[in-house]
Amino acid sequence: MMSLRSFISTAAIVTAAAASAADLTAIDIMQKNFVATRVQDSVSEATLTLISGQGDTRKRTVASSSILAANGIDNTRLTRFTAPADAAGMATLTDEHMGGDDNIWVYLPAMRKTRRIQSADKGKPFLGTDFSYGDIMGLRVDDWNYAEVKSEACAPGTCYTITATAKTPSAASASGYAKRKLWIDQKSFVSMKMEGYDAGGQLIKRVTASDVKLVDAARQRYQPMRIVAENVLTAHKTEIHFTRYDVNVGVKPESLSVQSLESAN
Amino acid sequence: MQSAMEGFVRFVLRHRLAVLGAIVLATIGFAALASSLKVAISSDDITPMSHPYMQTMRKVRTTFGTEAPFIVVFTAKPGGEHAMIDAYRSFAHALMLEPTLKHDSFRSLISDNVKLITHSDDGISVTGFLDNLPPDGPAALDEIARRIALSPSTAKVFQSRDQRALALFAEFRDAADGYSAGNKRLLALLDRQKSPYFDVQIAGQNATLAAIEAFSDRMAIFIPLAILIIGLIHYESFRTWQAVVFPILTGVIATIWGVGAYSALGLGLDPITALVPILVLAVGAGHAVQILKRYTEVFEEGVRSGRAATTRELQDAAIATALGTVGAPLIAAASVAITAFLALTLFDTETVRRFGFLAAAGILAIIVIEFTLIPVLRSYLAPPGHQARSATSIWNRLTDIADWCARTRPKAVLGAAGAVFAASLAGIAIIRLDNSLHLYLSNDWPTNRANQMLDKAFAGADGFYIFIEAKPGRTLRSAQMLRAVATVQATVETDPNVTKTIALTDIVAEVDAAVAARDASARTLPSSDAAINDALTLYEISAGPEALEGYVTADYRRGIVRGFTDTARAKDMKRIEALIESGVAKAALASMARVDIGGGSFGPISLSDALVPEKILNIAIIMAACLLITLAVMRSVSLALLCCTPLFLSAAFVFGFLGFTQIPLMAPTATLGALCLGIGADYAIYIVWRLRAETRQHTVDEAISRTLATSGRAVLFVASAITGGYAVLGLSFGYHVHQWMALLVGVAMVVNAIAAIFVIPAAFRTLVAPQA
């Protein structure tokens, strides 16, 4: 059940999305950013490339389906590993809960078993990459204070630069960042770059996006086809490169369930 | 040769101002170069890098970014449990933000590569060990212990057996700054965590190396102190300030030149090369004493003869004649010493090579200075007054006894020398070859105490690596390969000094146990490749992108087994090596992968393996050089053999002494051979040269008496100066290497001096003179 807080947040997001881009406050921009990549449903294929600080690379290809929950915020996402051969067949089902813990199930093909993985917060790594769940899902707009809205040239044209500071230690702890600096494209409202800082002001992660595509013209939804997350401290990075990203294809909710996780294998 | 040298000295004296200017400029230049030197250890420099153990270490470092960590241990005092855990967490966080930290080798209870994998009714949980601990301190420590019990790979590594201490492992990238830079960084971060509620100790191999660097910095105090001692001994010997100033000036300038030239080659000082300045000082001072003694004799003869018109003429003539007469033995002796030290450059260990080069450069500088600066300065100063030491000095008594022995009991002297030689061989037979770094420091030094605590309360302060490289077509994701690795682990874990091993097998076993909802206490591996893939992929996607980086490469073709030991002793590590090899054979792992052993406590073994053959080669080269050089100078086989024979005695005695005292033969003490033989050759050549000269004008007995009264006493002055110079290292409390060098150099000088003033005259009288 949606909490009152979530309801207010969602209402604000929807209202803000409809507003004119002119004279936007930081909150307006962040709310537009929050919904900019949220599509009704999607079917995608992507390559995840993990590059260690020593330069070793590991590649995995995945096929995903997602569907947006009725609250317009949370996604349910099923991801299957298709390569390399030793990981192929493994699948995960993520049931996102913006206001709480996500539900994650993993299907283990050799054992033909599904196991739930307990997930404590959004700062945990997403599918074993340098992205956290928060980096992929987005973070609650209300949990942050925003400052310093400026315009700055960025790859697609002009970006808003916004500094976001966690309102509470728990918000910082859950996201893994005490402060974020964001570069948000003024046209698509997609975050083109994010720098995450810890409580001591040390830069710890950098996420950059490129090759932004308009994937749902009617709703003005976008998707960057290439996203890179870099752990600044360890120099480890992950690149997600979407080779396919189709939206509004009619993904059925029942196809994104624990049963479907097992049955498809 | 004598006239050529005299001619050269007269040329120098004619251009004294130009020579002085050039020397001053050169000294300023070398001093500028030397000023940037500091003591820093690189693990590549202190071990023979061509040794298989060290090649393995290099592979581990290149592939996994790890080598040997600092181990920081937080121990809670009663009531301080919670404060200790908070400080540990806070310190680990701060460390992770340290720009020079090697993240791939950083391991703590909050690290991404150390995760707790558990199962419950709700599913699998991959969490940090310190997540959501109870607020009560003792309960929190109990909870950590409970979690660690669920994760056998972390047992004894991060929490002590009594649960009250937590450890973390860290390495830093800036190896060029040495290990003390990392130690200082840790101390600066720990300073923020200071509390009366817990204790913090820094242990591990890197902490030991940092301590050794810090001890070597003491040379900044010991060198001036050595200069003072050498000066005092010279004053006691000659009772003139010139006898103090000249030898010390020679030593100091030669040291500046040698160290400056060394620095110009881009080489750095380390704990072994840091010992060279005192050596150069002492040898330079020794040479200067021989020249000064000869100069005084010649000058006094000149005064008595009344040949020269002016004091300046008399002085210049005395300078030229003195250097002309002692020049040949001086150059011969220096050539043997230079060869002795240059022979060390054949060693496989960089630091020993550097020691050899630096010492050789220093001695070469001594020769240059003795033939340029010293005659020039000598010519500017007033001639010495007649201030010979009284006949009752200890030096005179000793040379008188040696004289009496050589003339009346030469065979007894030779018999005694033979007995000492035989006894020394018995000592050599029981020599203790051990390069363990722990031996460098005294047992009660804080770093060693911390290491001992780790050995008792944790898995141990020392360890090793087994590097596994899959053959083409194989990977470490295969059940067969992992079972073989587990067999090797199980085999080596049967050794009483191997406290545990950790590898990818442990992660797979723990994940598999969590998936199957069973206890992970046994290293039970899934039976199929597919199940292993499941476990590994599950761990990768749950624990994070770097969770397996310390265990296996991204392509799963190279992996390591980390072994923990509570010993670093050579004999224990040799036994462990045999056990690893037997495990590899038992598991038939070699058919699937190349397996290399090395790193950690095997480093000192590699040094020990290299030392003995290198030492024998080194001694053989020195003997050959001594024989050839003395043969060229003396033009007599018997005199050349006379010069070299005492070297056998002194070398045997010093290494026999090592055996009887059980002072280990290790990289620093191994330099003693070159030092002992190089300087021993010095004494022998001076004595034999003088004997040869005196027998041309006097009877054998008179020649022996005159030789011992002049060159013999000079040998004693030099030996006492070198002994005194090195003796200051005895004050280096806590650092065994300095104290052993103080003792051993003293022993070497005493035996060299005895061989020179007792054995050579006795042998000359008994064996050489009758033939002549």
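Labels below follow one simple rule: chain letters A, B, ... track the order of the sequence lines, proteins then strands, and each chain is numbered from 1. Remember, it's a predicted structure, so these values are computed and weren't measured experimentally.
Heavy-atom neighbours of B:Lys184 NZ from other residues, nucleotides or ligands within 6.0 Å: at or below the threshold of 12. Atom NZ of A:Lys113 has more than 12 heavy atoms from other residues, nucleotides or ligands within 6.0 Å. More than 12 non-hydrogen atoms from other residues, nucleotides or ligands lie less than 6.0 angstrom from NZ of B:Lys115. Counting non-hydrogen atoms of other residues, nucleotides and ligands closer than 6.0 Å to CZ of B:Arg594 gives a total of 12 or fewer. In the displayed structure, A:Lys252 atom NZ is contacted under 6.0 Å by at most 12 heavy atoms of other residues, nucleotides or ligands.
Note that OG of B:Ser478 is 11.5 Å distant from CG of A:Asp86, once rounded to the nearest 0.5 Å. In this structure, OG on A:Ser173 lies 8.5 Å from CG on B:Asp131, to the nearest 0.5 angstrom. Separating the CZ atom in A:Arg116 from the NE2 atom in B:His119 is a distance of 16.0 Å, to the nearest 0.5 Å.
Remark: side-chain polar atoms of B:Asp534 are paired, donor with acceptor, to backbone N or O of A:Ala110 under 3.5 angstrom. Judged purely by atom type and a 3.5 angstrom limit, A:Arg115 has no side-chain atom pairing as donor or acceptor with the backbone of B:Leu538.
Of the atoms belonging to A:Leu233, heavy atoms from both backbone and side chain fall under 4.5 Å from chain B. Heavy atoms of B:Thr118 lying under 4.5 Å from chain A are absent altogether. For B:Phe64, the part lying under 4.5 angstrom from a heavy atom of chain A is the backbone only. Only the backbone of B:Thr62 comes within less than 4.5 Å of a heavy atom of chain A; no side-chain atom from C-beta onward does.
Here A:Thr129 is the residue among A:Thr238, A:Thr129, A:Thr114, A:Asn231 with the most heavy-atom pairs under 4.5 Å with chain B. Taking chain B as the reference chain and counting heavy-atom pairs below 4.5 Å, the highest number among A:Thr92, A:Val232, A:Ile204, A:Asp198 is found for A:Asp198.
Between the side chains of B:Glu546 and A:Thr234, a donor-acceptor pair is found at a separation under 3.5 Å.
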Exercise. Taking it one step at a time, do A:His236 and B:Glu549 satisfy side-chain contact (heavy atoms from CB on, under 4.5 Å)?
Worked result: CA-CA 11 Å; A:His236 198 286; B:Glu549 284 196 351; 3.0 Å; yes

For this session: May I have the step-by-step check of side-chain contact (heavy atoms from CB on, under 4.5 Å) for B:Ile541 and A:Phe81, ending in yes or no?
Result: CA-CA 11 Å; B:Ile541 65 174; A:Phe81 289 81; 3.7 Å; yes

Exercise. Given the rule in the side-chain contact (heavy atoms from CB on, under 4.5 Å) test, do B:Glu540 and A:Arg60 qualify, once you have shown the distances and angles that lead to the verdict?
Worked result: CA-CA 12 Å; B:Glu540 284 176 3; A:Arg60 296 175 192 148; 2.5 Å; yes

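The minimum heavy-atom distance linking A:Arg58 with B:Ala554 is given by the pair CG-CB, 3.2 Å.
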